[in-house]
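First the structure, in the form of structure tokens, and then the observations on it.
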Number of protein chains: 2
Amino acid sequence: MNIGEVARRAGLPPKTIRYYEEIGLICPDRRDNGYRDFAETHLHKLAFIGRARALGFTIDECRTLLALYEDEGRESAEVKQLAQDHLARIDAKIAELQDMRATLAHLVRACAGDERPDCPILAGLAHTALSQG
Amino acid sequence: MNIGEVARRAGLPPKTIRYYEEIGLICPDRRDNGYRDFAETHLHKLAFIGRARALGFTIDECRTLLALYEDEGRESAEVKQLAQDHLARIDAKIAELQDMRATLAHLVRACAGDERPDCPILAGLAHTALSQG
DNA sequence: TATAGGGCTTCCAGTCACGGGAAGGTCAAG
DNA sequence: CTTGACCTTCCCGTGACTGGAAGCCCTATA
């Protein structure tokens, strides 16, 4: 299977697949003409990685997840721990964004948004409690 | 004022302040010995930028916000538009993370997390609907 | 047989917003 | 005179790709 087909079927850009090979996530065969030759197993791995990436796992975590996936003797506890850590990271990020959102929405609500220069948004950004001396 | 003091008072690392100079956000004077010499105006600008960055605005948006801040003839509508666009981006990001969170939490709940290898998380990642042909 | 196109290859550079660290100059205190 | 904190520039690395150039390969058509 050429890279174009595997890209289409896995839902990843060819560039990304080459990158995954470069960093050692997959290792497709090569044909005599130098073209990469992907097997179904590669396709499955790539789809697996694509899903994990879509859930926000880092590349390194994907590497670990792939290794666990291929390790018949794994303990599901290890996978679950990884997923829970990531879940905590997602929650922290959501909380951070919600804080930003609240502050920004507050400023936006206070701003008339007309032709006059008075602007609580700019005032809010400027009104800093600077440390002294 | 040396970079260390302005860094402390603005709450930004010296490295970041040098970077902001490099990309033209600020332009402090120089002393004979080559040291940067920051005025209060620089401090205020840096604090302004720091706040805008903390709200998630990009550097380019900070540049625009600074320009608007210094433009006495601005219209608050322009600031508000910028802020609303950013707010929409934040909302989109929150929604994306919440989607991730829901999927991941579902998988985590289904996983026993014990010494056995059976793992719905890995199964969920592997169970891809691959395109055919 | 020539050619046109699409797909494949590698390599290099850029993204965003810094952070780490090296090599070296400057300054105040003891 | 030395110590140590501070300052300078310069270069590389981050994460996960993305864009683009230069050039080879393969197939179909005129």
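In what follows, chains carry the letters A, B, and so on, assigned in the order in which the sequence lines appear, proteins first and then strands, with residues in each chain numbered from 1. All values reported here derive from a predicted model rather than from experimental measurement.
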Separation of D:dC26 atom C1' from A:Asp32 atom CG, nearest Å, is 14 Å
For DNA chain C, whose closest nucleotide is more 5', that of B:Thr58 or that of A:Arg30? A:Arg30
Is there a side-chain polar atom (N or O) of B:Arg36 under 4.0 Å from OP1 or OP2 of D:dT8? yes
Taken to the nearest whole Å, OH/A:Tyr19 to C1'/D:dG20 is 19 Å
To the nearest angstrom, how far is B:Met1 atom CE from D:dC7 atom P? 12 Å
With no hydrogens and no angle check, is any side-chain donor or acceptor of B:His42 less than 3.5 Å from a backbone partner on B:Val6? no
Would one find a side-chain N or O of B:Tyr20 under 4.0 angstrom from OP1 or OP2 of C:dC18? yes
Should A:Thr64 and A:Phe57 count as side-chain neighbours, where that means a heavy-atom distance under 4.5 Å? no
Scoring nucleotides 20-30 of chain C by protein non-hydrogen atoms under 4.0 Å (B base, S sugar-phosphate only, - none) yields BB---BBS---
Distance below 4.0 Å between A:Thr16 side-chain N/O and D:dT18 OP1 or OP2: yes
Could you state the CD1-C1' distance from B:Ile17 to C:dG19, rounded to the nearest angstrom? 14 Å
Tell me: CZ of A:Arg31 to C1' of C:dC8, nearest whole Å? 10 Å
Minimum side-chain heavy-atom gap A:Arg9-A:Met1 below 4.5 Å: yes
Close side-chain approach of B:Ile49 to B:Leu12, heavy-atom, < 4.5 Å: no
What's the CD1-P distance between B:Ile59 and C:dT15, to the nearest Å? 14 Å
Closest to the 5' end of DNA chain D, once A:Asp60 and B:Ile3 are matched to their nearest nucleotides, is B:Ile3
OP1 or OP2 of D:dG19 versus the side-chain N and O atoms of A:Arg18: is any pair under 4.0 Å? no
N-O pairing of B:Lys93 and A:Glu96 below 4.0 Å: no
Tell me whether the OP1 or OP2 atom of C:dC16 has a side-chain N or O from B:Arg53 closer than 4.0 Å. no
Flag, side chain of B:Glu5 to backbone of B:Asn2, donor-acceptor distance under 3.5 Å: no
Length of the line joining A:Leu25:CG and D:dG15:P, which is rounded to integer Å: 13 Å
Inspect the surroundings of CD in A:Glu78 and state if more than 12 heavy atoms from other residues, nucleotides or ligands are less than 6.0 Å away. no
Rounded to whole Å, please give me the gap between CD in A:Glu22 and P in C:dT9. 13 Å
Considering every strand and a 4.0 Å limit on heavy-atom distances, what is the contact class for A:Pro13: base, sugar-phosphate, or nothing? sugar-phosphate
